[in-house]
Amino acid sequence: DQQVKQNSPSLSVQEGRISILNCDYTNSMFDYFLWYKKYPAEGPTFLISISSIKDKNEDGRFTVFLNKSAKHLSLHIVPSQPGDSAVYFCAASMDNYGQNFVFGPGTRLSVLP
Amino acid sequence: KAGVTQTPRYLIKTRGQQVTLSCSPISGHRSVSWYQQTPGQGLQFLFEYFSETQRNKGNFPGRFSGRQFSNSRSEMNVSTLELGDSALYLCASSWTGQAEAFFGQGTRLTVV
């Protein structure tokens, strides 16, 4: 029973355009969400987070949107660059404290030059 | 500033053996978590240690255990290895816990 879902296993986008990666969750107790990206042969790298008291958080080219009523979050990358090609994981936690994150299966983003 | 260091990077073990993996967190980080990544199950949380105490535990059998030392370094042990334990084991450290975690490169364990 997947509590965090990323229904698109892969996504291809042209360089310079917007990439939108989606994540859905089923547990309404989740209150903290993160996005990680992972290159082959490396550990995941933290990108951006959002707590359930917000509906948007921006950091440079990366913006995360949270829709609590729909139990949905999305990561927007604008503009997309070839170096953004990686696997992106969405993660969620219900703890106020602690690293017990539930990860989604990941979406492989390919940014085409 | 040095990142999270995991050793060894690769391991091959035989079914029934036990294995110990090591993780050195970023200096000053007190929380260390372990995850298992497999193609079929994705990234799954094993456990978290904070100030030498296990603070959270995922749904893994008791064959998976860990500990944390006073310098925050952590070890993970798997006993009576099974073929299904073949995976990439990732360690992550953070300041307090519910904050972004920094991952190491992982230890690739193959059980034959």
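Chain A is the first sequence line, chain B the second, and so forth, proteins listed ahead of strands; every chain is numbered from 1.
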(Q) For the aromatic rings, using the six-membered ring if either is Trp, is the centroid distance between A:Phe103 and B:Tyr35 under 6.0 Å? (A) yes
Q: Indicate if B:Leu88 and A:Phe46 have the same hydrophobic cluster label, given that clusters are the connected sets of ILVMFWY residues with side-chain heavy-atom separations under 4.5 angstrom.
A: yes
Q. Are side-chain heavy atoms of A:Leu34 and B:Glu100 found at a separation under 4.5 Å?
A. yes
**Q.** Flag if over 12 foreign heavy atoms under 6.0 Å of CG, B:Asn71
**A.** yes
Q. If you group Ile, Leu, Val, Met, Phe, Trp and Tyr by side-chain heavy-atom gaps below 4.5 Å, do A:Val102 and A:Val64 land in one group?
A. yes
Q) Any link between A:Tyr25 and A:Ile48 through a network of hydrophobic side chains (Ile, Leu, Val, Met, Phe, Trp, Tyr) touching at under 4.5 Å? A) yes
Q: Group every Ile, Leu, Val, Met, Phe, Trp and Tyr by side-chain heavy-atom contacts under 4.5 Å, then state whether A:Phe33 and A:Tyr88 land in the same group.
A: yes
**Q.** Contact class of A:Pro44 relative to chain B, heavy atoms under 4.5 angstrom
**A.** both
Q: Supply the atom-to-atom distance A:Glu42 CD to B:Leu90 CG, rounded to the nearest 0.5 angstrom.
A: 11.5 Å
Q) Atom CG in A:Asn100, atom CZ in B:Phe47: separation rounded to 0.5 Å? A) 12.5 Å
Q | Check: B:Ala101 main-chain N/O paired with A:Tyr36 side-chain donor or acceptor under 3.5 Å | A | yes
Q: Treat each ILVMFWY residue as a node, draw an edge where side-chain heavy atoms are under 4.5 Å apart, and state whether B:Phe50 and B:Val32 are in one component.
A: no
Q. Top residue by heavy-atom pair count (under 4.5 Å) with chain B, among A:Pro105, A:Ala41, A:Gly43?
A. A:Gly43
**Q.** CZ/B:Arg63: more than 12 non-hydrogen atoms of other groups inside 6.0 Å
**A.** yes
Q | Worked verdict on B:Gln37 versus A:Phe89 for side chain to side chain contact (heavy atoms under 4.5 Å, CB included) | A | CA-CA 12 Å; B:Gln37 185 179 23; A:Phe89 293 96; 3.7 Å; yes
Q) So what's closer than 4.5 Å to chain A heavy atoms on B:Leu43: side chain, backbone, both or neither? A) both
Q | Proximity breakdown for B:Arg9 and chain A, heavy-atom pairs closer than 4.5 Å | A | side chain
